Amino acid sequence: MPRKRILVKSIDTLISYQVIGIDLAKHLVSACLITGAGEIFGIDRLTYDDLLKSAERMSPTLFCMEPCPEVHYLAEKLQGYGHHTKVIDGAAVKEYIKTHFGGQKTDLNDAQAIAFLSLDTNLLEITPKNTSNSVLSSIQAVREQFRKEYIQSFVSLKGICQRWGLPISKGVMNKNKVEELVSESKKIPQEVKDWLLELLQSCRELQKRLNKISKYLKEYADNDEICQKIMSVPGIGPITATRLKATIGDIQRFEKPKSIVAYYGLVPKSKATGHNEKKRRHNSSRRSSCPFSSDRGCGSSFEFGSKRIPKIKASQ
């Protein structure tokens, strides 16, 4: 018969816990604490400060969480206090809630699901990023945001120009040329021209920021031993190299080269029933984390395990 969850308001640091499952939110967390004797304690609301203060006074314990923006910072702090951390895929938690709690999703149920799933030694873990890799990931995220804003602004400008009978071809990317076309056009009303030129100036500013952050990443890659080794692969430049370093982390966690390919979802996903086996082209759920998927100038087709190298049009 399953044990009943006992609700408490704080963590008793004198008790030795087998595992603590944490459901993270923006300002508060919910926690499920399982003792060595199998007792289950639940805390519905706990601040991050209270959690870290309790963790600092506790004996070494396993803390388990779902992936979210706070998980990397929290995992590093907990490891600094001598604890072990484990990050579990949210899909496993969702399935546990469905099968053990009848689909009743609450913060405490999530925390309890995370705690019990952490005891499954066969469940795949997600490795939190350390400070160095988090810095690279954050800078890459800022660069990607600048890139998206630049493209959206420039495409929007061209669309507005076309509305007033001034089509600008896809190949025209020179901002001085676009400014000249807009300024000399007699079809576009002057008040529209003024705001189009403001939008064009915004594109220039975004381009400067992109160049600045790309220069920083290039200098980082040129002075980093790991990035230098990655860039020795034909077609890989500093942007892709720094993204690979940030996402892979410690390469020793992969048992074999094929595991890295599978990590990025670049292998067929098998689905077998009876004697029939179907394979999807790629595991699309992991493609978004691929360093090649969002870089400009990179092809979308890859073949690993053969003599063919990644299809890349221009080195970054």
Side-chain angles (χ1 to χ4, degrees), residues 1-131 133-134 137-138 249-250 253 285 289:
M1 182 176 179
R3 289 179 178 266
K4 186 178 179 180
R5 186 168 60 204
I6 304 170
L7 292 180
V8 294
K9 293 185 177 180
S10 61
I11 299 176
D12 188 345
T13 57
L14 299 178
I15 298 177
S16 178
Y17 298 102
Q18 183 181 11
V19 61
I20 298 178
I22 307 172
D23 183 55
L24 305 178
K26 186 175 290 186
H27 301 293
L28 299 169
V29 304
S30 296
C32 177
L33 307 91
I34 303 176
T35 67
E39 291 181 302
I40 305 171
F41 297 97
I43 304 176
D44 193 30
R45 293 289 182 269
L46 189 68
T47 65
Y48 280 91
D49 287 340
D50 289 340
L51 174 65
L52 291 174
K53 286 177 183 177
S54 298
E56 193 174 5
R57 301 193 302 267
M58 291 170 58
S59 58
T61 307
L62 172 63
F63 284 82
C64 192
M65 300 156 278
E66 280 184 284
C68 67
E70 297 95 342
V71 75
H72 306 290
Y73 167 79
L74 190 58
E76 193 167 22
K77 293 289 288 184
L78 291 171
Q79 289 169 5
Y81 295 145
H83 301 291
H84 303 286
T85 59
K86 184 182 286 190
V87 183
I88 293 177
D89 194 345
V93 178
K94 183 178 180 181
E95 187 64 26
Y96 191 98
I97 293 292
K98 180 181 177 181
T99 56
H100 291 73
F101 292 102
Q104 298 299 315
K105 179 177 172 59
T106 66
D107 293 339
L108 268 178
N109 285 350
D110 281 353
Q112 185 167 329
I114 293 168
F116 277 100
L117 284 169
S118 68
L119 303 177
D120 185 350
T121 56
N122 293 320
L123 195 65
L124 294 177
E125 300 178 29
I126 297 172
T127 304
K129 291 181 174 63
N130 57 27
T131 300
N133 291 340
S134 292
S137 294
S138 299
D250 183 10
R253 65 192 178 99
S285 63
S289 63

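Being a predicted model, the structure only gives us computed values, none of them experimental. Position 1 is the first residue of the sequence; numbering continues from there.
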**Message:** Leu117 vs Val93, test: side chain to side chain contact (heavy atoms under 4.5 Å, CB included). Steps then yes/no.
**Reply:** CA-CA 8 Å; Leu117 284 169; Val93 178; 3.9 Å; yes
**Request:** Evaluate the side chain to side chain contact (heavy atoms under 4.5 Å, CB included) criterion for residues Ile20 and Met58: first the C-alpha distance (whole Å), next the side-chain angles of each, then the deciding distance (0.1 Å), finally the verdict.
**Result:** CA-CA 12 Å; Ile20 298 178; Met58 291 170 58; 3.5 Å; yes
Between [X] and [Y], what is the shortest heavy-atom contact and its length?
X      : Y     : answer
Gln112 : Arg5  : OE1-NH1, 2.8 Å
Leu78  : Ala55 : CD2-CB, 3.6 Å
Tyr48  : Ala25 : OH-O, 2.5 Å
Cys64  : Ile88 : SG-CD1, 3.2 Å
Ala115 : Ile34 : CB-CD1, 3.7 Å
Gln18  : Leu62 : O-CB, 3.8 Å

In Å and rounded to the nearest 0.5 Å, what is the [atom1] to [atom2] distance from [X] to [Y]?
X      : Y      : atom1 : atom2 : value
Leu24  : Asp107 : CG    : CG    : 10.5 Å
Asn109 : Gln104 : CG    : CD    : 8.0 Å
Gln79  : His84  : CD    : NE2   : 9.5 Å
Ile40  : Lys4   : CD1   : NZ    : 12.0 Å
Ser10  : Leu46  : OG    : CG    : 8.0 Å
Lys9   : Phe41  : NZ    : CZ    : 15.5 Å

Side-chain heavy-atom pair [X], [Y] within 4.5 angstrom cut-off:
X      : Y      : value
Tyr81  : Leu52  : yes
Asp110 : Ile97  : yes
Leu123 : Asp89  : no
Ile126 : Val71  : no
Thr61  : Leu33  : no
Tyr96  : Asp120 : no

**Prompt:** Under 3.5 Å, side chain of Tyr17 to main-chain N/O of Asp12, donor-acceptor pair present?
**Reply:**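 It does hold such a pair.
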